Novice: 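Questions regarding the structure given below will be posed in turn.
Counting starts at 1 for both ligands and their atoms, following the listed order. This chain uses plain numbering: 1 for the first residue, then up along the sequence. The structure presented is a predicted model; accordingly, all values stated were derived computationally and were not measured.
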Amino acid sequence: MRSHSGPSRREFIVGALGTSAVSILSPVLPAWAEAKGSLKSLAADKGILFGSAVGASAPGSLAGSLNDAGYRDILTKECSVLVPENELKSYVIAAQPDTYNFERGDRIAQFASSNGIKMRGHTLLWNRVEYTPKWLLDRVASLSPAAAEKFLRDYIQRVCTHYRDQVHSWDVVNETVDPKSGQLRDTPFTKVLGFDALRIAFEAARENAPKAQLVYNDYMSWEAGNERHRDGVLRLLEQFKARNVPVNALGVQSHIGNDGHIRDIQDKQWRAFLDTVVGMGYELLITEFDVNDKDLPGDPGTRDAQVAASAKGYLDVMLSYKQLDHVLCWGMVDKFSWLQNFSKRHDKTPQRPTPYDDNYRPKPLRDAIAAAFESAPKRNRDQ
Ligand code: XIL
């Protein structure tokens, strides 16, 4: 039985796909599972939600994909779930001291609801100083532990209650494990509150989003060099269990090749990590999938083929875990990918990290994702 419960996961999948008897009587699927052959319908056949990040920054900007008609068209055809790329982060919502601005997030929420697409939330506490507004860091640093707790609870209450049940799954805490040391990152939150900062964040999310799946999200990966990061995340997940912190799932960001090298999966170590996570009772999600092609040859055909092959190998491993029922790409069209800025290629050609090219044509990566869904085992919600 899933602890975040509610009508959310099991009932919407059963309700949406229908039992076989219902499907015979009523062949019409709801919007999120429609379009035969779409990624959302291939995923839905296996009890999985497929989707993407979308951004509401200025038109024409990398993080402004929501303004683009071609992008929106792909989202409505392919996606059963969306996640705002930046709009629910504190640096957007609380850019100005003590002022909450949900305008950008609301535009995405409106687009999702009017197209029958579900929405994830990202993220209530991105516990890194580079991604938290300075005023907020200074404020927390100046507070007593009790006052800092109240501040954090108030912030999370405001954000969660604003979106209420529309967000069925929240990345509550993002990237709080330092990859080099495996320890909690040193931030004003952890300085004032220690581990309790995380406990408080999850408790406040549970209180204000009672039905939502609550996720710890991070970028530990399967490649050599990630051992400390993985160990740190496992220790954190153990602590959550030991202290009864309400965490349902681990979000595996899945930015393949993000350190600039696509390398083979260390299959044994990676599976051991995932086995330990699910052995503790956590669900899994792929929250931010893309393939960084920085190291690959310039020729687009060769590059696309290698990107697709790496993706298929990775997704096959991940989808073999039935505890995983969300796959979200961090963008659907290359020209809106954050990697165009974050990880520029030496030959100055644009990255090709997402399923669609700049003319909205599907690439081999899309076929790889489709094939991975087709070969994935079906999720059985009763188990
Ligand atoms: C990135 C966005 O894509 C960019 O637009 C923004 O400038 C920085 O953040 N891990 C995460 C995401 O959890 O929030 C990041 O998104 C990508 C890495």
Novice: Please confirm whether Trp330 comes under 4.0 Å of ligand 1, counting heavy atoms of the residue only.
Specialist: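 Judged by the 4.0 Å heavy-atom criterion, Trp330 does count as contacting ligand 1.
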
Novice: Just to check, does Tyr91 reach to within less than 4.0 Å of ligand 1 when the distance is taken from its heavy atoms?
Specialist: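 True for this residue.
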
Novice: Under 4.0 Å from a heavy atom of Glu175: which atoms of ligand 1 are those, numbered in the order shown and with their elements?
Specialist: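 Those qualifying, in numeric order: 10 (N), 11 (C), 13 (O).
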
Novice: Distance only, no hydrogens: is a donor on one side chain within 3.5 Å (strictly under) of an acceptor on the other, for Arg366 and Thr354?
Specialist: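 No, Thr354 and Arg366 have no side-chain donor paired with an acceptor closer than 3.5 Å.
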
Novice: Would you say that more than 12 heavy atoms from the other residues, nucleotides or ligands in this model lie under 6.0 Å from the CZ of Arg228, or not?
Specialist: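 No - once you tally the heavy atoms of other residues, nucleotides and ligands closer than 6.0 Å, there are 12 at most.
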
Novice: Heavy atoms only: which of His255, Lys89, Gln253 is nearest to atom 16 (O) of ligand 1?
Specialist: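 When every heavy atom of His255, Lys89, Gln253 is considered, Lys89 comes closest to atom 16 (O) of ligand 1.
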
Novice: Counting heavy atoms not belonging to Lys241, are there more than 12 under 6.0 Å from its NZ?
Specialist: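 Above 12, so yes.
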
Novice: When you measure from atom 3 (O) of ligand 1 to every protein heavy atom, which one gives the shortest distance, and what is it?
Specialist: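 Result: Glu85 OE2, 2.5 Å.
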
Novice: Please determine if Arg139 forms a cation-pi arrangement with Phe151, meaning its NZ or CZ atom is less than 6.0 Å from the six-membered ring centre and no more than 45° off the ring axis.
Specialist: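 Geometry flag: not set, cation outside 6.0 Å or 45°.
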
Novice: Out of all atoms in ligand 1, which are within 4.0 Å of some heavy atom of His122? Include the element for each.
Specialist: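 Close to His122: 11 (C), 12 (C), 13 (O), 14 (O).
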
Novice: Is the contact between Asn174 and ligand 1 made by the side chain, the backbone, both, or neither, using heavy atoms and a 4.0 Å cut-off?
Specialist: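 It is the side chain that gets close, since no backbone atom is under 4.0 Å.
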
Novice: Do we see a donor-acceptor contact under 3.5 Å between the side chains of Asn226 and Tyr219?
Specialist: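 No, Tyr219 and Asn226 have no side-chain donor paired with an acceptor closer than 3.5 Å.
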
Novice: Could you check whether Asn174 and Thr123, counting side-chain N and O atoms only, form a donor-acceptor pair closer than 3.5 Å?
Specialist: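 Per modelled atom types, Thr123 and Asn174 side chains form no pair under 3.5 Å.
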
Novice: From Leu250 CG over to Leu274 CG, what is the distance, rounded to the nearest 0.5 angstrom?
Specialist: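 Between Leu250 CG and Leu274 CG, I get 8.0 Å after rounding to 0.5 Å.
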
Novice: Can you confirm, on distance only, whether ligand 1 has an N/O atom lying under 3.5 Å from any N/O atom belonging to Asn86?
Specialist: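 For ligand 1, there is an N or O atom that lies under 3.5 Å from one belonging to Asn86.
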
Novice: Show me which atoms of ligand 1 lie under 4.0 Å from any heavy atom of Trp126.
Specialist: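 Matching atoms, with element in brackets: 9 (O), 14 (O), 15 (C).
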
Novice: Of the protein's non-hydrogen atoms, which lies at the shortest distance from atom 18 (C) of ligand 1, and what is that distance?
Specialist: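 That would be Glu288 OE1, 3.5 Å.
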
Novice: How long is the straight-line distance from NZ of Lys312 back to CG of Leu319, given to the nearest 0.5 Å?
Specialist: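 Here the interatomic distance stands at 9.0 Å.
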
Novice: Quick one: does Phe342 get within less than 4.0 Å of ligand 1, heavy atoms only?
Specialist: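 Judged by the 4.0 Å heavy-atom criterion, Phe342 does not count as contacting ligand 1.
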
